[in-house]
Amino acid sequence: MPNRLRFAPSPTGDLHVGNARTAVFNWLFVKKYGGSLLIRIEDTDRVRSESRFEDLICRDLKWLGLDWHEGPDRGGPFGPYRQSSRTAIYARRAESLLETGSAYRCFCSEEELGRQALETRRSGVARECPRSCRKFSAREVAQRLKDSHPAVIRLRVRSGKVVFQDLVHGEMTFDSAVVGDPILVRSNGIPTYNYAAVVDDGLMKISHVLRGDDHLSNTPRQVLIYEALGWPLPVFAHLSTILGPDRTRLSKRHGATSLQHFRDQGVLPEALLNYLTLLGWAPGEDQSEILSPEELVASFDIERVSKSSAVFDSQKLYFFNRHYLKECDPSRAVDWASAYLRREGLLDKVDSGVRQWVGLVVEAFLPGMDHLSQISQKAHQLWSFEAEKAVQDEGVRRVLSLPGAARVVDELRNQLSHEERDVVREWSSIVQSVKSASGQKGRRLFHPIRVALTGKDSGPELDKLVSIFEGGSQLELPHRIKDCRARLNEFHGAMLSRGLIPSCSR
RNA sequence: GGCGCUAUGGUGUAAUUGGUUAACACGCUGCCCUCUCAAGGCAGAGAGUACGGGUUCGAUCCCCGUUAGCGCUACCA
């Protein structure tokens, strides 16, 4: 019997990290142990389901790096893969269940049941339906149907224990008495989740059901349906819930939860995949947690999956992202960064010259970035040089009060006054000259230079910035970038007007 | 209310399934490096394993109870 697994999302919203993790574990299982993975869309909730979400979910799964063998987007021998187009299948099975007596029609109205629920609840027995409709004869049923009484189809639950195997929880045993007679088909003809899922899993020959543990309590219900249908049970594996920092189920309330959000933010798929796998699972003893998709597959072991719920920690996700960002192909980072800068209107058309320059920007600003969308915020300073404002900044003023600071700025200006000098190429010799002329070194040398050129007292390495300023100033950008000379002149002027530099000095 | 699941530093996990100074990663703190901020390197703080009982020479690990969190108890999935 080949392994057949499935990921069965409801198209009622974006793909959430919790569901994505379930998909990842299914995918890892298939990659590790062999078999096929299929996607099935569970859209029996007609009001909440939207087909656009189906597309988004598939797109996000692909982005994460997952693939599958059968699904609504690519067909397969067990289709259709959308529950809304399988209603005839459910109806046919329900009919035969009715014929064999494993199921029966129930005419109780929702209001009636709601009233009784309150009373039975007190007695502790979870039997929302009194099961009185069980005893109707075929004739009575036909009569009521003819009188157009709305009816649902319920499973006639047998008494006794219900047992099933769970790869993460071990053998599970429930008493069927706590299950009630679950509804298989609603009065409008649409099957319920529990019934549709079982019919599909059975017909699609699913061997392993890996899903969230919110379904654990539903499983005895489903096992009973398998029994009624006369089908063998799959092996289950109920994965723990993912929680927000407040230890409640992760949801939109916690902010960033959809894959879409992280992708937009500039989180690399390999980082997210790596992190998601580590939620409720860890590689053996002293193995590194940083694992490529191939390594993830190689060391994955479903039996090592943890039973307890895990808190989603975006800080750790960003740790992985920083790592993969540093490792990834520079052209990939440049593409993303360019897109972000364009979105901010800082870039216009991206030709090879611009790309090359963005490469420098990325290289300079990447260390310390959690995710690539921070590039626009970080790089913004390249455009926003304002000497007048800068000289009022507290940190900048502290630098300017360093002994010899004015002299350094002055000397640098002197060095740059030779128009023919290539600032980028000769940068180190320019610095050398400033050093010997001013008599300053180290902090007292570089800090004033940094401040005069950038208006800030911190940032990437100076020589990188110099290349970026000079290169940027040559490009046709929506907003011009000032070159070093312009910056210096402006800054020098601001110092003069504030009396931070003796006006007689040059 | 009933039923079920879970419980190791702030977070995610480890601990040859009863014998360890309870380990690793993220985060945090400090140091080194450095023109700065990051990055990187190094070091450190932080849990006696939810609580209470057993079983045992010995329990993170086995059993019972309690508590807390979560789930199911829908003509939601």
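So you know, we letter chains A, B, ... as the sequences are listed, proteins then strands, and number each from 1.
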_Touch class at under 4.0 angstrom, heavy-atom based, for A:Lys326 against every strand present_ = sugar-phosphate
*Nearest-Å distance for atom pair CG/P, residues A:Asp200 and B:A77*: 12 Å
_Less than 4.0 angstrom between a side-chain N/O of A:Thr44 and OP1 or OP2 of B:A77, yes or no?_
yes
*With a non-hydrogen cut-off below 4.0 angstrom, is A:Asp45 in contact with a base, only sugar-phosphate, or nothing?*
sugar-phosphate
*Integer angstrom distance from the P of B:A45 to that of B:C37*: 26 Å
*With nearest nucleotides of RNA chain B determined for A:Arg249 and A:Ser308 from heavy-atom distances, which residue corresponds to the more 5′ nucleotide?*
A:Ser308
*Give a yes-or-no answer on whether the side chains of A:Tyr275 and A:Asn321 include a donor-acceptor pair shorter than 3.5 Å.*
no
*Give a yes or no on whether a donor-acceptor pair under 3.5 Å exists between the nucleobase atoms of B:A77, that is its base, and the side chain of A:Asp214.*
no
_Nucleotide B:C3, atom P - distance to CZ of A:Arg221 in whole Å_ = 15 Å
*Just call it for A:Gly212: base, sugar-phosphate, or nothing, with non-hydrogen atoms closer than 4.0 Å on any strand.*
nothing
*What is the distance, rounded to the nearest whole Å, between atom NE2 of A:His215 and atom P of B:A77?*
10 Å
*asked:* With rounding to the closest Å, how many angstrom separate the C1' atoms on B:G46 and B:C63?
replied: 32 Å
*Kindly determine whether A:Arg450 and A:Asp457 satisfy salt bridge (Lys or Arg N to Asp or Glu O under 4.0 Å), including the steps that lead there.*
CA-CA 7 Å; A:Arg450 165 179 297 283; A:Asp457 60 351; over 6 Å; no
*Picking from B:U6, B:A77, B:C72, which would you name as closest to the side chain of A:Ser217?*
B:C72
_Of the listed nucleotides B:C75, B:A77, B:C26, the one nearest the side chain of A:Arg154_ = B:C75
*asked:* Within the structure provided, determine whether A:Phe262 and A:Leu64 are in side-chain contact (heavy-atom separation under 4.5 Å).
replied: no
*Which letter, B, S or -, goes with each nucleotide of nucleotides 29-38 of chain B from 5' to 3', with contact meaning a protein heavy atom under 4.0 Å?*
------BBBB
*Select one nucleotide: of B:G12, B:U6, B:C72, the one nearest the side-chain heavy atoms of A:Lys307.*
B:U6
*With the side chain counted from C-beta on, respond yes when A:Asp200 and A:Arg6 share a heavy-atom pair under 4.5 Å apart, and no when they do not.*
no
_Among B:C70, B:C75, B:C3, the nucleotide that comes nearest once only the side chain of A:Val178 is considered_ = B:C3
*For A:Tyr275 and B:U11, give me the distance from atom OH to atom P, rounded to whole Å.*
12 Å
*Assess the side chains of A:Gln222 and A:Asn194: does a donor N or O sit below 3.5 Å from an acceptor N or O?*
yes
*Distance, rounded to the nearest Å, where A:Leu317 contributes CG and B:G27 contributes P*: 12 Å
_By the 4.0 Å heavy-atom rule, please label A:Ser187 as base, sugar-phosphate, or nothing._
base
*Would you call A:Glu363-A:Lys326 a salt bridge at under 4.0 Å N-O?*
no
*Can you tell me the distance, in whole Å, between the CG atom of A:Asp246 and the P atom of B:A68?*
18 Å
*Provide the distance between the two C1' atoms, one in B:U29 and one in B:G65, to the nearest whole Å.*
41 Å
_Looking at A:Arg158, I'd like to know if its CZ atom is crowded, meaning that more than 12 non-hydrogen atoms belonging to other residues, nucleotides or ligands lie closer than 6.0 Å._
yes
*Classify the glycosidic conformation of B:G44 as syn or anti, calling it syn when the angle lies within 90° of 0.*
anti
*asked:* Categorize A:Val311 for me: base, sugar-phosphate, or nothing, with a 4.0 angstrom heavy-atom threshold over every strand shown.
replied: sugar-phosphate
_Any donor-acceptor N or O pair under 3.5 Å, side chains A:Ser240, A:Asp213_ = no
*Taking CZ from A:Phe320 and P from B:G27, how many angstroms apart are they, rounded to a whole number?*
10 Å
_If I compare all heavy atoms of A:Tyr340 with all of A:Gln265, which pair ends up nearest, and what's the gap?_
OH-C, 3.2 Å
*asked:* Out of the candidates A:Arg105, A:Arg156, A:Arg154, A:Arg134, only one should pair with A:Asp181 under the salt bridge (charged side-chain N to carboxylate O under 4.0 Å, His left out) rule; please name it.
replied: A:Arg134
_Ignoring hydrogens and geometry beyond distance, is a side-chain donor-acceptor pair present between A:Ser292 and A:Glu295 at under 3.5 Å?_
yes
*Can you check each nucleotide of nucleotides 44-50 of chain B against protein heavy atoms at under 4.0 Å and return B for base, S for sugar-phosphate only, - for none, in 5' to 3' order?*
-------
*Fit a plane to each ring of A:Phe300 and A:Phe25, take the angle between them on a 0 to 90° scale, and name the class: parallel (under 30°), tilted (30 to 60°) or perpendicular (over 60°).*
perpendicular
*Compare side-chain N and O positions of A:His169 against OP1 and OP2 of B:U6 and report whether any pair is under 4.0 Å apart.*
yes
*Looking only at heavy atoms, what is the nearest atom pair of A:Thr22 and A:Leu210, with distance?*
CG2-O, 3.6 Å
*Using the P atom as the reference point in each nucleotide, state the distance between B:G27 and B:C42 in Å, no decimals.*
15 Å
*asked:* Assuming nearest nucleotide by heavy-atom distance, tell me which of A:Leu243 and A:Pro150 is located more 5' along RNA chain B.
replied: A:Leu243
*Classify the nucleic acid contact of A:Arg444 as base, sugar-phosphate or nothing, counting any heavy atom under 4.0 Å across all strands shown.*
nothing
_Nearest-Å distance once atom P is located in both B:U8 and B:A14_ = 11 Å
*NA contact type, A:Glu289, heavy-atom cut-off 4.0 Å: base, sugar-phosphate, or nothing?*
base
*asked:* It should be established whether A:Arg322 places a side-chain nitrogen or oxygen under 4.0 Å from OP1 or OP2 of nucleotide B:G27.
replied: yes
*asked:* Show me the dot-bracket string of RNA chain B, counting Watson-Crick or G-U pairs under 3.5 Å, with | for pairs to another strand and [ ] for crossing ones.
replied: (((((((..((((.....[...)))).(((((.......))))).....(((((..]....))))))))))))....
*In whole angstrom, give me the gap between the P atoms of B:G10 and B:C28.*
16 Å
*Quantified in whole Å, what is the P atom distance between nucleotide B:G69 and nucleotide B:C62?*
24 Å
_If I pick the P atom on B:A22 and the same atom on B:A38, what distance separates them, to the nearest angstrom?_
35 Å
*What nucleotide among B:A14, B:A77, B:G71 has an atom nearest to a side-chain atom of A:Arg304?*
B:A14
*asked:* Just the rounded figure in Å: distance from P of B:U13 to CH2 of A:Trp281.
replied: 12 Å
*Does a donor on one side chain sit under 3.5 Å from an acceptor on the other, for A:Asp246 and A:Thr248?*
yes
*A:Leu216 side chain, from C-beta outward: closest of B:U11, B:G4, B:C70*: B:G4
*With no hydrogens and no angle check, do the side chains of A:His323 and A:Tyr318 hold a donor and an acceptor under 3.5 Å apart?*
no
